[in-house]
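Model, not experiment: these values are computed from the prediction. Below, chains carry the letters A, B, ... as their sequence lines are ordered, and counting in each starts from 1.
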Protein chains: 2
Amino acid sequence: MLDLRQFAVLDAIARTGSLAAAARDLHYGQPTISHHLRALEQHLGTELVTRSATGAALTPAGELFLDHARAATTRLAVAEREVAELRDFGGTVLRIGTFESAGARLLPQVLAELGAGHTVQVELVEGEPLGLLEQLLDGSLHCALLYDLDGDTSVTDAALRQRTLEREPFRIMLGAEHPLAGNEVIDLADLADADWIRSRSVLEASERALLAAAGAAGFVPNTLLHSEDYSLVHAFVAANVGVALIVESAVDTRYRVVARPTVQDLGVRRVRFVATATPSPGQAGVLAHLEDLLIGAAGVE
Amino acid sequence: MLDLRQFAVLDAIARTGSLAAAARDLHYGQPTISHHLRALEQHLGTELVTRSATGAALTPAGELFLDHARAATTRLAVAEREVAELRDFGGTVLRIGTFESAGARLLPQVLAELGAGHTVQVELVEGEPLGLLEQLLDGSLHCALLYDLDGDTSVTDAALRQRTLEREPFRIMLGAEHPLAGNEVIDLADLADADWIRSRSVLEASERALLAAAGAAGFVPNTLLHSEDYSLVHAFVAANVGVALIVESAVDTRYRVVARPTVQDLGVRRVRFVATATPSPGQAGVLAHLEDLLIGAAGVE
DNA sequence: GCTCATTACGGTACCCGTAAGAATG
DNA sequence: CATTCTTACGGGTACCGTAATGAGC
């Protein structure tokens with residue numbers, strides 16, 4: 001009989017690199033790890049881990065099995081969570097991840113429409129794309145709105161179903177008084193000496209787009225400050241202290257700023273709806289409905 | 001600690017409708033069932049089964065948990081199977097389900113192309129759509145080619161990823177000597193008294209299409225014989241003993257038969273590629289490649 | 001000699017069956 | 001009273017830790 005403890009043991013071995021370290025990690029004795037691993041190998045009839053004096057490593061069979069076992073384990077974790085929600089709240093909770101601007105622009109109307117037909121409790125979780133992605137994979141979120149650079153292949157996990165909602169090219173945001181603000185199209189090279197307001201994370205789509213475009217134009221952008229706060233960014237740009245990379249829909253027209261394309265390719269920000277491929281039966285319908293509403297709201301091509 | 005036996009117990013209760021029957025089904029004593037169920041309920045902190053003197057029924061929480069538990073269990077069954085294959089065969093086996101005509105028309109060239117780039121062992125399984133679907137859901141198949149009536153929603157399980165490859169309208173196949181064979185378009189009403197060669201299974205797409213169209217035209221088709229054997233069907237139709245419903249690509253031109261559309265709508269047979277949404281990491285790439293090749297081979301719109 | 005893994009041994013806990021009790025129809 | 005589920009009790013298994021042995025850097 002297969003045992004969930006055996007999965008935890010194999011997982012710990014894979015993570016830590018040795019049986020002894022796995023034992024410490026799980027607060028077990030070393031022999032217990034050896035015992036469970038042996039039992040699992042005996043059940044499957046093949047070696048899962050190659051032992052040595054320096055540590056242990058998984059065989060291909062071990063990797064294969066662990067991958068399935070992890071999937072089963074996360075599924076069970078989701079089961080426990082959802083049962084607890086049903087017990088404590090009395091209904092199904094749909095957890096939707098989102099990034100800041102989409103949460104404000106797309107979701108309010110869509111959730112209002114969604115609420116009409118269904119009786120699920122919606123819980124919104126805000127976060128950056130990579131964090132949301134991780135939560136999707138471990139079952140903390142049922143679906144999410146996230147963005148990335150068009151052409152990114154980071155979201156390719158088979159356990160996730162995805163759909164592109166919007167594609168929006170990046171722009172350069174300048175103060176209205178900026179010397180280049182009059183130009184309809186800007187040459188990035190003219191901004192080689194400009195001070196940039198940039199994201200704090202190098203993993204941000206806008207950061208990667210800026211570095212790629214600036215690199216192609218032959219310069220490394222000077223940094224004025226790092227910030228994720230849109231009102232701050234707008235204020236600095238309006239004051240003509242710095243420039244920034246942004247998408248059109250994120251421009252706040254109350255500030256004295258303009259957004260301009262460049263002769264160079266700045267890349268495209270893609271907004272996607274990503275959902276678990278294996279939802280609960282009660283949520284499958286709501287998820288499909290939500291996806292339809294979002295597609296309608298985004299006016300996808 | 002969650003236990004796989006508990007899942008088997010809950011599953012048996014759901015299937016049989018009582019703890020006692022579940023005990024018989026699992027070859028356990030009745031108290032053992034009670035014990036495991038109690039342990040699971042205690043772990044989850046909620047009632048999963050309502051007991052009575054007449055039997056037992058699952059609560060909503062029980063249904064919810066069972067659904068997840070079944071998914072996890074099938075995933076583990078797939079894991080065991082694949083590890084055994086890796087052990088006995090030495091590599092990954094990709095099991096593809098298919099129905100007869102697609103197996104002959106689409107797959108040979110596609111599999112030849114597929115073999116070039118990958119090193120997986122391909123295993124073909126032939127069967128009718130519903131059987132293939134069932135095998136997909138329990139993990140016996142990794143993907144399948146199957147057909148159904150356009151508009152069917154039977155294949156909507158979230159655990160399956162699907163893609164339509166072809167749409168082909170149904171035709172009436174007549175002997176070349178048939179009085180109506182000269183008409184470009186046939187009125188079904190003229191065939192109200194004809195003898196039909198039909199499928200053995202009422203679940204077949206062609207059967208459902210025929211019954212719907214005949215019903216709309218105001219008659220119930222007479223049956224000459226039931227058969228799935230295409231050469232037999234062709235021979236009888238060529239001999240002008242009966243007529244049959246068929247799609248264009250399945251017509252064997254070596255027989256003296258013609259295929260004609262009708263003024264009534266006969267429906268459309270849809271060929272689909274369906275794959276598990278959660279493949280092994282080693283198979284995800286091959287599956288995607290296979291899907292691309294099939295789309296190319298089918299010349300999908 | 002340190003860390004690594006395996007083997008041996010004993011205590012405890014849990015699993016499972018038998019037997020008896022309570023409730024429903 | 002037949003069937004259902006629950007509780008109680010006892011035997012056996014298997015889990016887990018401590019201790020001791022062997023292997024490699």
TODO: Return the value, rounded to whole Å, for the distance between atom CG of B:Leu2 and atom C1' of C:dC14.
DONE: 16 Å

Task: salt bridge (Lys or Arg N to Asp or Glu O under 4.0 Å): pairs with one or both residues in residues 118-132 of chain A, sequence neighbours excluded - done: none

Open item on the list: If you assign each of B:Gln6 and A:Gly55 to its closest nucleotide in DNA chain C, which residue comes earlier from the 5' end?
Closed with: A:Gly55

Open item on the list: B:Arg51: which residues meet the side chain to side chain donor-acceptor pair (under 3.5 Å) condition with it, sequence neighbours left out?
Closed with: B:Glu41

Task: More than 12 heavy atoms from other groups under 6.0 Å of CD on A:Glu47 - done: yes

Open item on the list: List the residues meeting ring pair (Phe, Tyr, Trp, His ring centres under 6.0 Å) with A:Phe273, not counting sequence neighbours, and say none if there are none.
Closed with: none

TODO: For B:Ile33 and C:dC15, give me the distance from atom CD1 to atom C1', rounded to whole Å.
DONE: 12 Å

Open item on the list: Please classify the nucleic acid contact of B:Ala56 as base, sugar-phosphate, or nothing, using heavy-atom distances under 4.0 Å.
Closed with: sugar-phosphate

Task: Residues which pass side chain to side chain donor-acceptor pair (under 3.5 Å) with B:Asp3, listed by chain and number, not counting sequence neighbours - done: B:Arg5

Open item on the list: A:Glu291: which residues meet the side chain to side chain donor-acceptor pair (under 3.5 Å) condition with it, sequence neighbours left out?
Closed with: A:Arg161

Open item on the list: Going 5' to 3' along DNA chain D, which are the first and last nucleotides with any atom under 4.0 Å from a heavy atom of chain A?
Closed with: D:dC15 to D:dC25

Open item on the list: Show every ring-ring contact (aromatic ring centres under 6.0 Å, His included) that has at least one partner inside residues 10-40 of chain A, sequence neighbours left out.
Closed with: none

Task: Sugar-phosphate or base contact per nucleotide [nucleotides 16-25 of chain C; S, B, -; heavy atom under 4.0 Å] - done: SBBB----BS

Task: Residue closer to the 5' end of DNA chain D, B:Arg24 versus A:Asp3 (nearest nucleotide) - done: B:Arg24

TODO: Could you check how far CZ of B:Arg38 sits from C1' of C:dC14, rounded to whole Å?
DONE: 16 Å

Task: B:Gln30: partners by side chain to side chain donor-acceptor pair (under 3.5 Å), with sequence neighbours left out - done: none

